[in-house]
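Counting convention: from 1, in listed order, for ligands and their atoms alike.
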Amino acid sequence: MKIPKSHPRFASLMTRELIADAVKKGIASEHGLIAHGRGEAFDYLLGEKTTENAKKSIKVAAALMLLAKYPVISINGNAAALAPKELVALSKIVPAKLEVNIFHKSRHRELKIKEHLIKNGAKEVLMPQKNFQIKFLESNRKYANKDGIYKADVVFVPLEDGDRTEALIKNGKKVITIDLNPLSRTAKNATITIVDNIMRAMPLLISSIKRFKSLKTSEKELNFICSNYDNKKILKDSLNEMDTNLKSTL
Ligand code: ATP
């Protein structure tokens with residue numbers, strides 16, 4: 001579909017096109033369309049902008065990614081559809097492994113996601129393995145790669161659904177997520193939640209990491225940045241930002 005650039009909802013409509021196209025290509029699932037719709041609704045409440053609050057989380061997430069001993073980026077269909085180049089760029093700059101992990105069991109779709117990441121510049125994409133399972137999880141999401149999520153200390157899980165974040169935390173890992181819904185179980189359980197649209201947050205996360213690297217920020221400083229972080233406060237402030245935005249709109 002051709003969308004004129006002058007359309008007031010150009011960015012949002014283009015994003016919908018990306019998801020719809022990814023469903024057609026077998027990268028995202030039909031359920032991904034529903035998850036995207038939920039995200040859009042929260043983005044509307046947020047005013048479709050990156051808030052100061054989200055910028056704070058992005059800075060701490062960048063610091064934690066750099067402090068990690070073994071960081072891994074978990075990719076599902078929607079994340080692959082919306083920000084493949086940025087996720088690959090993040091994996092190269094940290095550096096961190098990329099691993100496919102989806103809720104609805106489908107080897108075919110897992111391979112489609114891998115192929116899509118490789119088309120977008122990834123050199124290596126890990127796949128879940130049957131013999132390596134994350135404890136406290138029942139779904140297809142429990143399978144992990146022994147050189148990836150299974151041994152990671154920090155896992156980046158943008159647009160995560162349900163209970164995996166809680167399970168990863170119970171397995172002793174730190175979790176960073178991007179989730180427009182501050183009320184989701186993932187947002188509440190993650191170590192760091194970036195309440196923002198993945199399309200806006202990813203370039204900022206990459207820039208923040210590049211900045212820390214170019215300034216040769218010490219481990220001590222990175223630890224200090226992480227030490228003052230309070231995820232519950234971030235979620236409450238995000239809800240307040242939505243409230244303020246709504247009141248000022250009407
Ligand atoms: P809960 O944890 O409440 O059970 P869920 O498992 O139902 O949530 P999904 O509907 O699968 O969650 O969606 C995953 C999350 O991704 C949602 O919280 C949604 O708000 C968020 N989301 C969807 N699209 C985007 C996007 N473009 N950027 C950031 N977050 C998004």
Side-chain angles (χ1 to χ4, degrees), residues 9-23 27-51 53-58 61 73-87 90 100-106 109 113 116 134 136-142 155-170 175-206 231-232 234-239 241-242 245:
R9 305 209 48 75
F10 179 77
S12 169
L13 293 175
M14 285 304 290
T15 311
R16 279 191 189 179
E17 282 294 300
L18 283 178
I19 290 280
D21 194 46
V23 174
I27 295 165
S29 75
E30 288 169 344
H31 305 87
L33 295 171
I34 299 165
H36 182 72
R38 182 182 289 183
E40 270 191 348
F42 279 96
D43 207 9
Y44 218 102
L45 299 180
L46 210 54
E48 292 173 316
K49 60 181 185 297
T50 303
T51 63
N53 198 39
K55 287 180 192 161
K56 278 188 211 162
S57 301
I58 288 171
I73 304 168
S74 175
I75 314 273
N76 64 16
N78 280 31
L82 296 180
K85 284 204 165 49
E86 292 77 9
L87 290 162
L90 180 71
V100 176
N101 185 282
I102 59 177
F103 180 75
H104 298 281
K105 194 170 183 293
S106 159
R109 194 155 70 81
I113 294 173
H116 186 58
I134 296 292
F136 314 113
L137 261 181
E138 289 307 320
S139 72
N140 185 55
R141 285 200 172 279
K142 69 183 168 204
V155 192
F156 179 49
V157 288
L159 321 189
E160 178 64 9
D161 57 11
D163 49 4
R164 187 162 74 124
T165 297
E166 195 177 1
L168 289 169
I169 298 270
K170 279 192 193 162
V175 175
I176 301 169
T177 191
I178 300 178
D179 194 332
L180 278 160
N181 177 7
L183 301 170
S184 80
R185 284 173 295 158
T186 292
K188 287 194 271 193
N189 283 306
T191 316
I192 300 171
T193 302
I194 300 166
V195 182
D196 197 11
N197 195 313
I198 189 172
M199 311 276 283
R200 295 190 300 265
M202 282 304 299
L204 297 176
L205 180 60
I206 292 167
N231 203 51
K232 279 226 164 60
I234 286 286
L235 298 182
K236 278 187 194 155
D237 290 350
S238 301
L239 285 170
E241 276 171 326
M242 289 180 187
N245 185 46

Return the residue, atom name and 0.1 Å-rounded distance of the protein heavy atom closest to [atom].
| atom | result |
| --- | --- |
| atom 27 (N) of ligand 1 | Asn197 OD1, 3.1 Å |
| atom 22 (N) of ligand 1 | Gly39 CA, 3.8 Å |
| atom 6 (O) of ligand 1 | Gly162 N, 2.5 Å |
| atom 19 (C) of ligand 1 | Asp179 OD1, 3.7 Å |
| atom 28 (N) of ligand 1 | Ile198 N, 3.0 Å |
| atom 11 (O) of ligand 1 | Asp161 CB, 3.0 Å |

Ignoring hydrogens, just give me the one of Arg185, Met199, Arg38 whose non-hydrogen atom is nearest atom 8 (O) of ligand 1.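 Closest candidate by heavy-atom distance is Arg38.
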Is the closest heavy-atom distance from Glu160 to ligand 1 below 4.0 Å?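 Heavy atoms of Glu160 do come under 4.0 Å of ligand 1.
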Any Lys/Arg nitrogen of Glu48 or Arg9 sitting under 4.0 Å from an Asp/Glu carboxylate oxygen of the other?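 Salt bridge present between Glu48 and Arg9.
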Check this for me, if you would: do Glu160 and Arg141 make a salt bridge, where the nitrogen-to-carboxylate-oxygen distance has to be below 4.0 angstrom?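 Salt bridge between Glu160 and Arg141, a charged N being under 4.0 Å from a carboxylate O: yes.
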Please tell me if the side chains of [X] and [Y] come closer than 4.5 Å, counting only heavy atoms from C-beta onward.
| X | Y | result |
| --- | --- | --- |
| Arg109 | Ile27 | no |
| Phe42 | Met242 | yes |
| Val195 | Asp179 | no |
| Leu87 | Phe156 | yes |
| Val23 | Leu33 | yes |

Taking N or O atoms only and a 3.5 Å limit, does Leu183 qualify as a polar contact for ligand 1?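 For ligand 1, there is no N or O atom that lies under 3.5 Å from one belonging to Leu183.
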Return yes or no for this condition: an N or O of Leu159 is under 3.5 Å from an N or O of ligand 1.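 The answer is no, given that Leu159 and ligand 1 share no N or O pair closer than 3.5 Å.
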Provide the number and element of each atom of ligand 1 under 4.0 Å from a heavy atom of [X].
| X | answer |
| --- | --- |
| Ser184 | 2 (O), 3 (O), 18 (O) |
| Ala35 | 9 (P), 10 (O), 11 (O), 13 (O), 19 (C), 23 (C), 24 (N) |
| Leu82 | 27 (N) |
| Asp196 | 28 (N), 29 (C) |

Just checking Arg200: does its CZ atom have more than 12 heavy atoms from other residues, nucleotides or ligands closer to it than 6.0 angstrom?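 Correct, the count exceeds 12.
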Which heavy-atom pair separates Ala28 from Asn78 by the least distance, and what is that distance?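 Scanning both residues, the minimum pair turns out to be CB-OD1, 3.8 Å.
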